[in-house]
Amino acid sequence: SPVLSVDKLSYRYPNGQTALSEISFDIQPGERIGLVGPNGAGKTTLLLHLNGLLPGHDLPVADGQSAEATYPVRVSGLPALQKNLPAIRQHVGFLFQDPDDQLFCSTVREDVAFGPLNLGLSREEVLQRVATQLAAMGLTDVENRSTMQLSFGERKRVCLAGILACQPDVLALDEPSSNLDPRARRGFMRLLEDCPAAQLIASHDLELILDLCTRVMVLDRGRIQADGEPATIFSNQ
Ligand code: ADP
Ligand code: ADP
């Protein structure tokens, strides 16, 4: 069964701007999906819905039906509503385009530990997960540094380490390769390739998508215009 399902999701920002119109799709365990489309298509808005980062959508529902029963985004069956956020964030990791949007501790190690500490794991378990991720990301030597002393590529790896330390089954990634130099980009792609979680990757980097993804969704003006194998999708663009 899918790890994440979206069933007729529509979203309008408070200013009236429609960003998503009747979006439906499922993500199977371990699947890596590229999300492409022009600026303003709705990619970021869609990713934010996957882990309840747009709580404005907790609207009352007509006719005695609860939001719980009708909410269009479900993670392992659980609606991605504000009140379920702790559980949802355990299942879905969100990698922001700009690492500085998610780094706020004083050292690399503390930033990586922040997520797992919030899961209420034992101290031993947290230490073990943090050490594992620091090693996997090549960050052990800088674990006591401030993230402000690191390169952009390194800060991005700190963010990924913190997310993976929570062992999510879905990752939502917003432009993961942007602003990385070619070597850092290749390294980051290999880290994503090695990660067992299902991934929804919003990107303009077609080479990355062809390399990593077995499925591509094309978003335009808030609607899914195509959903299929990369070779088929890109030959029709
Ligand atoms: P993409 O990530 O594909 O560039 P976005 O999800 O950022 O697209 O934007 C989708 C639409 O929603 C666009 O028309 C954009 O202008 C609008 N939008 C995005 N964020 C906001 C916001 N905070 N308030 C109002 N409109 C927004
Ligand atoms: P930058 O943003 O400066 O390009 P990089 O991603 O190239 O940062 O990495 C900076 C340092 O970390 C380099 O010395 C690089 O060799 C090392 N490094 C990069 N990725 C890994 C990795 N996955 N494991 C171990 N070391 C790595």
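Scope of the values below: all heavy atoms of this structure, side chains included, with no hydrogens, waters or symmetry mates. Every value quoted in this text rests on a predicted model; they were computed, and no experiment measured them. Numbering of ligands and ligand atoms starts at 1, following listing order.
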Less than 3.5 Å between some nitrogen or oxygen of Asn39 and one of ligand 1, yes or no?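 Between Asn39 and ligand 1, no N or O pair is found under 3.5 Å apart.
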[atom]: nearest protein contact (heavy atom, Å):
atom	result
atom 8 (O) of ligand 1	Gly42 N, 3.0 Å
atom 11 (C) of ligand 1	Gly40 O, 3.6 Å
atom 7 (O) of ligand 1	Thr44 CB, 3.9 Å
atom 19 (C) of ligand 1	Tyr13 CE1, 3.4 Å

Identify the two heavy atoms, one from Leu78 and one from Ala87, that lie closest to each other, and give their separation to 0.1 Å.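 Closest pair (atom of Leu78, atom of Ala87, distance): CD2-CB, 3.6 Å.
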Quick check: closest heavy atoms across Val36 and Lys43, and the distance to 0.1 Å?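 Taking Val36 first and Lys43 second, the nearest heavy atoms are C-CD, 3.9 Å.
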For Gly37, is the nearest heavy atom under 4.0 Å from an atom of ligand 1?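 No, Gly37 has no heavy atoms under 4.0 Å from ligand 1.
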For Pro38, is the nearest heavy atom under 4.0 Å from an atom of ligand 1?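 A heavy atom of Pro38 does come that close to ligand 1.
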Do Leu139 and Val142 touch side chain to side chain, with heavy atoms closer than 4.5 Å?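 A side-chain contact exists here, since the closest heavy-atom pair is under 4.5 Å.
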Does atom 2 (O) of ligand 1 have any protein heavy atom closer than 4.0 Å?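 When distances to the protein are checked, atom 2 (O) of ligand 1 has a heavy atom within 4.0 Å.
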Can you find a protein heavy atom closer to atom 22 (C) of ligand 1 than 4.0 Å?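 Yes, at least one protein heavy atom sits under 4.0 Å from atom 22 (C) of ligand 1.
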Run Arg190 and Asp211 through salt bridge (Lys or Arg N to Asp or Glu O under 4.0 Å) and show every step you take. CA-CA 10 Å; Arg190 295 289 73 85; Asp211 195 7; 3.2 Å; yes
Could you tell me whether Gln17 approaches ligand 1 through its side chain, its backbone, both or neither, with non-hydrogen atoms closer than 4.0 Å?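 It is the side chain that touches ligand 1; the backbone stays farther off.
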Please state which option from Asn15, Val36, Thr45 has its nearest heavy atom closest to atom 9 (O) of ligand 1.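 The option holding the nearest heavy atom is Thr45.
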Taking 4.0 angstrom as the limit, do Arg185 and Glu207 come out as a salt bridge?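 Between Glu207 and Arg185 there is a salt bridge, with a charged N closer than 4.0 Å to a carboxylate O.
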Ala41: numbered ligand 1 atoms lying under 4.0 Å from its heavy atoms: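 Atoms satisfying the 4.0 Å criterion: 1 (P), 3 (O), 8 (O).
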Hphob cluster co-occupancy, Leu95 + Phe114, side-chain heavy atoms under 4.5 angstrom: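 In one cluster: no.
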Please say yes or no: joined through hydrophobic side-chain contacts below 4.5 Å, possibly via intermediate residues, are Leu50 and Leu85 part of one cluster?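 Hydrophobic grouping puts Leu50 apart from Leu85.
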Judged by atom type as modelled, is there a donor-acceptor pair below 3.5 Å linking the side chain of Ser5 to the main-chain atoms of Asp26?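 No, because the side chain of Ser5 does not come within donor-acceptor range (under 3.5 Å) of the backbone of Asp26.
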